[in-house]
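Because the structure is predicted, anything quoted here is derived from the model rather than measured.
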Amino acid sequence: VLADYPWQQVILGLGMGERLSVSQEVKTIMRDTGTAHLMAISGLHISLLGMGFYRLLRKCFLPIWVCCGAGVGMLLLYGKMVGVGSSVFRACGMCMILLFAQLLGRSYDLLTAMAVTALLLVLQKPDSVQQAGFLLSYGAVLGLTLFLPVFQTETEYRIQKILQEKLLPGIGILLVTLPVQLWFFYELPVYAMLLNLLVIPLMSVLLPVAIFAYLLRFPLLLQIPEYILTFYRWLCIKAEGLPGSIQIFGRPRIWQMIVYYLLLFFSLVLLYHSKNRNKQEKQREKQQENSLKSRFLKIQKSMQETLKKW
């Protein structure tokens with residue numbers, strides 16, 4: 001299916017996690033621009049397959065236990081096909097817990113699911129805690145979980161809501177995984193977050209099209225990934241040519257990483273408590289305002305009744 005397409009190796013890498021056949025030029029561009037994580041099987045792949053298949057079956061009015069079982073089966077087959085690395089194990093495990101929660105009618109907690117999969121993986125492979133894939137994969141989820149509740153605010157403006165949805169996850173992931181990136185790779189792509197804002201939304205189109213075109217043997221669909229990847233390569237080359245695109249910091253020391261994470265943790269705690277305090281004050285002001293309104297309405301009603309009597 002992919003034989004006649006110049007981007008066949010990258011499409012296989014994005015859809016199936018097959019990175020061995022990707023050219024060294026593409027690998028270098030992705031590493032230097034901070035987008036190499038797109039080649040790893042992540043929650044985006046798993047959610048498209050597992051939860052997408054589950055929702056499709058639910059729309060066919062099948063029993064929920066059949067839909068959940070089929071979704072779990074799809075995840076197991078896909079994990080077996082691409083290889084069960086740290087990111088695949090985490091994403092598949094968390095998605096399975098979500099499906100079981102749907103089946104049992106229970107609420108899904110992201111931190112609990114992440115902790116369960118991390119514990120199972122460490123029990124199976126104790127040395128995985130020293131691997132970059134494990135630390136970056138769980139650090140990314142932790143960054144999403146910790147930063148969104150603290151910085152996301154309710155707003156009526158659509159532009160502000162879109163900016164929060166696009167910027168906050170990237171900032172949270174970057175701040176949590178920054179020491180890990182420096183520990184293993186010694187350098188930091190400066191424009192990576194801005195580039196990911198443009199690239200990641202395109203992946204939500206590219207991945208399902210590439211996967212289903214491969215599974216259904218429908219090569220015409222692969223024209224869409226071809227155009228997207230050509231644009232993506234152009235963006236990466238332009239970002240790589242910008243001044244100061246890569247900053248080399250070297251490997252941080254252990255005590256520096258500990259101080260960094262302690263400062264980050266206490267900053268988040270203070271911001272979270274400050275946000276809750278402001279929220280409680282607004283609720284209190286709203287309750288007082290409602291109480292004053294109700295008293296005013298009662299006085300107005302009593303005055304109207306008095307006037308009627310006169």
Side-chain angles (χ1 to χ4, degrees), residues 1 11-18 37-126 128 133-134 136-146 148-149 152 165 169 173 200-201 203-218 221 224-225:
V1 179
I11 292 174
L12 277 174
L14 291 170
M16 306 299 165
E18 182 58 52
H37 63 90
L38 297 175
M39 283 290 183
I41 302 298
S42 62
L44 180 59
H45 299 70
I46 302 304
S47 61
L48 284 172
L49 283 173
M51 294 306 297
F53 192 51
Y54 165 79
R55 292 193 180 100
L56 179 63
L57 294 179
R58 288 293 290 166
K59 290 184 181 294
C60 297
F61 303 102
L62 292 175
I64 189 170
W65 64 269
V66 174
C67 301
C68 291
V72 171
M74 177 67 76
L75 292 174
L76 291 174
L77 290 174
Y78 186 69
K80 185 71 175 176
M81 180 176 65
V82 301
V84 187
S86 297
S87 60
V88 177
F89 186 89
R90 176 196 59 76
C92 286
M94 293 178 69
C95 193
M96 287 180 188
I97 293 174
L98 175 58
L99 289 173
F100 285 127
Q102 295 285 334
L103 179 62
L104 299 174
R106 304 295 294 272
S107 59
Y108 173 74
D109 183 67
L110 189 64
L111 283 176
T112 302
M114 184 186 70
V116 170
T117 56
L119 179 62
L120 292 175
L121 185 58
V122 170
L123 289 176
Q124 184 182 2
K125 299 177 181 178
S128 60
F134 176 90
L136 290 174
S137 178
Y138 283 95
V141 178
L142 196 61
L144 288 172
T145 310
L146 295 178
L148 287 180
Q152 199 167 24
E165 292 175 355
I173 292 172
I200 290 178
M203 292 298 109
S204 61
V205 177
L206 188 151
L207 284 174
V209 173
I211 291 173
F212 285 111
Y214 178 80
L215 295 176
L216 300 175
R217 298 295 191 268
F218 192 60
L221 276 177
I224 299 174

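- Atoms CG and CD1, from Leu144 and Ile173 in turn, are 4.0 Å apart once rounded to the nearest 0.5 Å.
- What you find for Pro63 and Arg58 is that their closest heavy atoms are C-NH1, 4.0 Å.
- Between Gln102 and Ile64, the shortest heavy-atom distance links the atoms O-CD1, 3.3 Å.
- Taking all atoms of both residues into account, the shortest heavy-atom contact from Cys68 to Tyr54 is SG-CE1, 3.6 Å.
- Of all heavy-atom pairs between Gly50 and Leu75, the closest is CA-CD2, 3.7 Å.
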List the atom pairs, with distances to 0.1 Å, where a side-chain N or O of residues 104-126 and a protein N or O form a donor-acceptor pair under 3.5 Å, not counting sequence neighbours.
unit_1 : atom_1 : unit_2 : atom_2 : d
Asp109 : OD2    : Thr112 : N      : 2.9
Asp109 : OD2    : Thr112 : OG1    : 2.5
Thr117 : OG1    : Ala113 : O      : 3.1
Thr117 : OG1    : Met114 : O      : 2.9
Thr117 : OG1    : Tyr138 : OH     : 3.2

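- The two residues Arg90 and Ser137 make their nearest non-hydrogen contact at NE-OG, 2.5 Å.
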